[in-house]
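Working notes, structure below.
We number each residue from 1, following the sequence as shown. Note that the structure is predicted; figures quoted are calculated from it, not measured.
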Amino acid sequence: MSTTVTPPSTRRERTGWYFYDWANSAFSTTVITVFLGPFLTTVTELAAGCRLGADECSGRVHPLGLSIAAGSYYPYLVSLSVFLTIFVLPVMGAVADRAAHKKPLLAATAFTGAAATVAMAFVTGDRYLLGGLLFLIANISGGASIVVYNSFLPRLAGPDDRDKVSSRGWALGYLGGGLLLALNLVVVQTMSVDGDPQRTLDLARWCIVSAGVWWGLFTLLPLLWLKEHPSEESGAGRGNVVTDGFRQLGRTIRGIRAYPLTLFFLLAYLVYNDGIQTVIALASQFGTEELHLEQSTLIITILIVQFLAFGGALLLGAIAARVGARNTVLFSLVLWLGVVVAAYFIPEREPVQFMILGAAIGLVLGGSQALSRSLFAQLIPAGKEGEYYGFYEISDKGTSWLGPLLFGLVFQLTASYRLGIVSLVIFFVVGAVLLALVPIRRAIIAAGNTPPRTL
């Protein structure tokens with residue numbers, strides 16, 4: 001067994017790393033979680049011939065000749081974006097591992113995503129196809145940037161500190177995302193006009209644009225403060241970094257069989273996190289279309305989620321220091337299961353119950369994601385952080401595949417968002433069972449790393 005040596009990092013460098021969570025969380029919170037689902041669904045309903053502000057819409061759109069219910073367009077779009085990331089993110093990870101300088105990759109992917117988000121300003125009228133294209137660009141670019149960002153983690157903290165560092169990053173991300181959302185809430189509350197759905201739609205569009213500006217602006221801090229940590233696989237003079245990245249990815253896919261326990265953990269994560277990300281991405285659509293809640297209610301609920309997730313990430317990080325990261329994640333999945341079942345029974349136009357459910361999500365959201373990230377860092381062979389996080393990021397930060405696909409299919413067949421949301425139970429049950437079966441200590445040793453004191 002080889003021993004993983006982590007170079008020392010400064011507080012300034014770790015703070016710079018935290019701030020990319022602060023920067024990109026504006027997209028996952030303001031765009032994906034709150035505004036984009038209802039906004040793009042409304043634009044799609046207009047394209048389907050429905051009246052703006054109507055409570056129900058049975059119209060259909062026909063992108064690429066396919067007949068799709070207007071309410072299913074956004075879930076299908078989320079699913080498509082993840083399908084495309086399967087081909088993009090692992091390659092980006094391999095390129096990041098081969099590149100001597102990761103920060104230019106972080107800048108290129110982050111600024112592309114931010115620019116596509118800002119371009120949502122042009123999604124007016126019934127331009128649902130433009131909105132869908134910009135979302136695909138922003139979501140895939142954002143995912144690629146997080147692959148590069150996550151690959152810094154094993155170089156910033158040793159085995160015993162990764163849970164803490166990862167939890168702080170997630171916590172700061174929720175704080176930053178919550179702050180921008182709070183500012184958008186003020187804008188929506190002060191500028192909305194009762195009985196004017198067009199005004200509401202316009203405000204939602206500009207709130208989405210604000211997230212792109214926030215994302216691009218705060219990305220400057222990690223670019224300034226992070227240091228390069230090239231691995232043994234990186235460096236100039238080895239040929240074209242992109243083509244070398246493709247070759248290295250091929251070798252990794254062939255060689256991953258040497259780390260079956262790491263692969264098994266990744267499978268468990270992709271299953272349960274698909275459920276988490278589907279809840280995040282579609283909660284706003286569920287609230288508006290099924291529960292008929294006001295947009296201000298949704299924003300307040302997401303704010304509750306954000307600020308409780310800040311404390312929840314730190315709390316679950318502290319619990320993990322005592323009982324281990326895997327046990328803490330398993331506990332959080334039991335709570336997630338309860339959340340999904342409870343959502344099915346919430347009556348229409350009951351904002352208080354929806355907010356209570358949001359509070360429960362906030363307590364487990366940040367911790368379950370932060371600890372999964374740091375736990376996976378223990379299972380990656382040294383020098384392959386980017387490649388492995390490329391596979392990991394296929395289901396992270398608001399992107400998932402099977403969950404939205406299942407949700408969209410259930411809605412298309414039953415016209416019920418409630419049945420769509422409760423169908424996600426399967427992801428938490430199967431994911432928890434798979435995670436419980438992973439022998440974590442043996443998996444860490446098999447990857448050539450040193451296990452932390454508490455597992």
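Distance check, rounded to the nearest 0.5 Å: CD of E13 to OH of Y18 gives 11.0 Å. In this structure, CG in L375 is found 7.5 Å from CG in L435, a value given to the nearest 0.5 Å. Rounding to the nearest 0.5 angstrom, the gap separating the CZ atom in F354 from the CG atom in L298 is 5.5 Å. Separating the CG atom in L40 from the CG atom in L36 is a distance of 5.0 Å, to the nearest 0.5 Å. Considering OG of S141 and CG of N24, their distance stands at 12.5 Å, rounded to 0.5 Å. Here the OH atom belonging to Y76 is positioned 4.0 Å from the CG atom belonging to L409, to the nearest 0.5 angstrom.
In this structure, F331 places its CZ atom where only 12 or fewer heavy-atom neighbours from other residues, nucleotides or ligands lie under 6.0 Å away. With a 6.0 Å radius and a threshold of 12 heavy atoms from other residues, nucleotides or ligands, Q412 has its CD atom above the threshold.
Counting heavy atoms from C-beta outward, I302 and L185 have side chains that stay 4.5 Å or more apart. Looking only at side-chain heavy atoms (C-beta outward), V279 and F407 stay at 4.5 Å or farther from each other. Considering only heavy atoms from C-beta on, V165 stays 4.5 Å or farther from S374 through its side chain. When side chains are defined from C-beta on, T10 counts as touching K227, because their heavy atoms get closer than 4.5 Å. In this structure, T41 and Y73 have side chains that are not in contact, with every pair of non-hydrogen atoms separated by 4.5 Å or more. Contact annotation: the side chain of M92 approaches that of V148 to within less than 4.5 Å [non-hydrogen atoms, C-beta and beyond]. Taking the side chain as every heavy atom from C-beta outward, L357 and I346 approach each other to under 4.5 Å. Within the 4.5 Å cutoff, no side-chain heavy atoms of L434 are placed close to those of F265.
Panel note: side chain W170, backbone S368; no donor-acceptor pair is recorded below 3.5 Å. Panel note: side chain N449, backbone I380; a donor-acceptor pair is recorded below 3.5 Å. With hydrogens and angles disregarded, a donor-acceptor distance shorter than 3.5 Å links the side chain of S28 to the backbone of S25. Under the 3.5 Å distance criterion, the side-chain polar atoms of S332 are left unmatched by any main-chain donor or acceptor of V364. Judged purely by atom type and a 3.5 angstrom limit, R326 uses its side chain to pair as donor or acceptor with the backbone of V438.
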Next on the checklist: Go through it in stages, so that I can follow the logic: the residues are W17 and L153, the test is side-chain contact (heavy atoms from CB on, under 4.5 Å), and I'd like the CA-CA distance, side-chain angles, deciding distance and then a yes or no.
Outcome noted: CA-CA 8 Å; W17 187 79; L153 176 59; 3.8 Å; yes
Item to check | F376/Y389 under ring pair (Phe, Tyr, Trp, His ring centres under 6.0 Å): CA gap, chis, key distance, verdict | outcome: CA-CA 8 Å; F376 187 61; Y389 270 120; 5.5 Å; yes
Checklist entry - Are M355 and T297 close enough, and set up right, to give a side-chain contact (heavy atoms from CB on, under 4.5 Å), and what steps lead you there? => result CA-CA 8 Å; M355 291 178 186; T297 298; 4.0 Å; yes
Item to check | From CA spacing to verdict: side chain to side chain donor-acceptor pair (under 3.5 Å), T29, Q306 | outcome: CA-CA 8 Å; T29 302; Q306 290 296 116; 3.2 Å; yes
Next on the checklist: Run the side-chain contact (heavy atoms from CB on, under 4.5 Å) test on T262 and Y388 for me, step by step, so that the C-alpha distance in whole Å, both residues' side-chain angles and the decisive distance to 0.1 Å come before the verdict.
Outcome noted: CA-CA 10 Å; T262 298; Y388 278 73; 3.9 Å; yes
Next on the checklist: Would I444 and L379 count as a side-chain contact (heavy atoms from CB on, under 4.5 Å) here? Give the steps.
Outcome noted: CA-CA 5 Å; I444 295 173; L379 306 177; 3.5 Å; yes
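Applying the salt bridge (Lys or Arg N to Asp or Glu O under 4.0 Å) test to pairs two or more places apart or on separate chains, those with a residue in residues 416-430 are E290-R418. Applying the side chain to side chain donor-acceptor pair (under 3.5 Å) test to pairs two or more places apart or on separate chains, none has a residue in residues 425-436. Here side chain to side chain donor-acceptor pair (under 3.5 Å) pairs that include residues 172-189, with residues two or more places apart or in two chains, are Y174-Q369, N184-S210.
If you run salt bridge (charged side-chain N to carboxylate O under 4.0 Å, His left out) between E385 and each of R373, R162, R155, only R155 comes through. Test Y74, F411, F286 against Y417 for ring pair (Phe, Tyr, Trp, His ring centres under 6.0 Å) and you get one pass: F411. Just one of V430, V429, L266 meets the side-chain contact (heavy atoms from CB on, under 4.5 Å) condition when paired with V271; it is V430.
By the salt bridge (charged side-chain N to carboxylate O under 4.0 Å, His left out) test, R205 pairs with D202, sequence neighbours left out.
The nearest pair of heavy atoms linking A436 to L330 is N-CD2, 4.1 Å. Between A110 and Y20, the closest heavy-atom pair is CB-OH, 3.4 Å. In terms of heavy atoms, T30 sits closest to L180 at OG1-CD2, 3.8 Å. When every heavy atom of L424 is checked against every heavy atom of G275, the shortest pair comes out as CD1-O, 4.4 Å. When every heavy atom of S151 is checked against every heavy atom of K102, the shortest pair comes out as OG-NZ, 3.1 Å. Closest of all the heavy-atom pairs between G317 and S167 is CA-OG, 3.8 Å.
Between F135 and F27, the ring planes are parallel. Angles under 30° get that label, and only those over 60° would be called perpendicular. Using cut-offs of 30° and 60° on the angle between ring planes, the pair Y269 and Y272 is perpendicular.
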Counting only pairs under 3.5 Å, give me each side-chain donor-acceptor contact of residues 218-226, with atom names and distances, residues two or more places apart or in other chains.
residue, atom, partner, partner atom, Å
T219, OG1, W215, O, 2.6

What pairs of donor and acceptor atoms, side-chain ones from residues 337-344 against any protein atom, are under 3.5 angstrom apart with sequence neighbours left out?
none

